[in-house]
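Atoms within a ligand are numbered from 1 in the order they appear, just like the ligands themselves. These numbers come from a predicted model, not from an experiment. For this chain, numbers begin at 1 and follow the sequence in order.
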Amino acid sequence: MAVSDSDMIRAWTQVLTLSKLQPGQIVTILTGEGTHPQNLRTAEIAATTMGAVVSRLYLPPVNGEKSLSRDPLAYLGTTPLTGNAAAIAALKASDLVLDLMTLLFSPEQHDILASGTKILLAVEPPEILARIVPTIEDYHRVKAGAALLENKKVMHVTSPAGTDIRLPMGEFPVVKEYGFVEEPGRWDHWPSGFFFTFPNEGQSQGRIVIDKGDILLPQKYYVSTPITLTVKDGFATDIEGDIDAELLREYTASFNDPEAYAISHIGWGLQTRAYWNTLSLYDREATIGMDARAFNGNFLFSLGPNNEAGGSRTTTCHIDIPLRNCTIDVDGTVVVKDGKVLEELMDYQRSTPAK
Ligand SMILES: O=c1ccc(O)c[nH]1
């Protein structure tokens, strides 16, 4: 269902206000081949109406001939910024970058953020952006959830399907995604409403069962036959099952990179306006599947790189796998039970409001 320009302008205005955009600030809108025209049009109107000095920067696509998937989050590593001094200079000179093309986690992006530039990724179709417009409540909810991971030692995830994995953590920060960038140097993604950290390098042990109905991204489908990952010393050493396991095995093997099997970020979804079933309502290429990554109570883990959080793994393979019906235990406290967030543990008082 389409949304009106006025609704999208209101949505952008809400996100830009939460991102503390001030009159006179420099905003660069990154565009590419897949940029949605209504997102671009309404972002520009909202930002200019708020008094920002707005430019568009078109970056040509890269890696199309390498990636098996056309999904912009499927193939990480080099980006259109690699070696592009002019574009990097423009983004470093900006207070806020609205990424409508998917820069991805890259050394260049870290460089730009380190200069104080804020980057907000927004590449879902307008109706998904409009349905999950970030709110200050999202901020508090994600902050309260992430606090359950701060300075903790082990995440233990189990499920009726047979998942039983221990994920020692503490080496990496907790990354919060609530959909706006209120501080210089922050990256976020609209829509979101989840958080994650990365397990200590080489220490994840156990088994993950991707059960019927769980989702693979970028494949963007619900598996119909369980896939069992055996995880030893931080890597999936076996991928067993039926046709879905065979598809995942071949896809991952196509990267010809042992790092593709590494357990990457681990966390859970808190977005009550995102739904597990949404993916079943969209053509595969019409969404990058943020509902699946963010829906309340999922256990989201991924395979691949950890350089985003300062790790050394830079594989181009990035697979996000949200699971339902998991029980997540952090240092002996169950924080999600059978896919339901234990709301009583969410201590909103601890989180200070964004100024
Ligand atoms: O917003 C995102 C999207 C993908 C991902 O792996 C993490 N965060």
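Within the 4.0 Å heavy-atom cutoff, H318 counts among the residues contacting ligand 1.
When each atom of ligand 1 is checked for a heavy atom of M290 under 4.0 Å away, the hits are 1 (O). Listed by atom number, the atoms of ligand 1 under 4.0 Å from H189 heavy atoms are 1 (O), 2 (C), 3 (C).
In this structure, atom 5 (C) of ligand 1 lies nearest to the protein heavy atom D320 OD2, 3.4 Å. If you check which protein heavy atom lies closest to atom 8 (N) of ligand 1, you get E177 OE2, 2.7 Å.
Taking the centre and axis of the six-membered ring of Y178, the NZ or CZ atom of R186 falls inside the cone set by 45° and 6.0 Å.
Looking at D71 and R284, no side-chain N of the basic residue comes within less than 4.0 Å of a carboxylate O on the acidic one, giving no salt bridge. Contact check on R131 versus D291 returns a salt bridge, with a Lys/Arg side-chain nitrogen under 4.0 Å from an Asp/Glu carboxylate oxygen. Ionic pairing of D7 and R10 is present here: one or more N-O contacts between side-chain nitrogen and carboxylate oxygen are shorter than 4.0 angstrom.
Looking at H265 next to ligand 1, an N or O pair under 3.5 Å apart turns up.
The ring pair (Phe, Tyr, Trp, His ring centres under 6.0 Å) check on F195 picks up W268, with sequence neighbours excluded.
For the side chain to side chain contact (heavy atoms under 4.5 Å, CB included) with S302, the qualifying choice from P322, S264, C317 is S264, the only one to do so.
Looking at F301 against ligand 1, nothing comes within 4.0 Å, counting heavy atoms.
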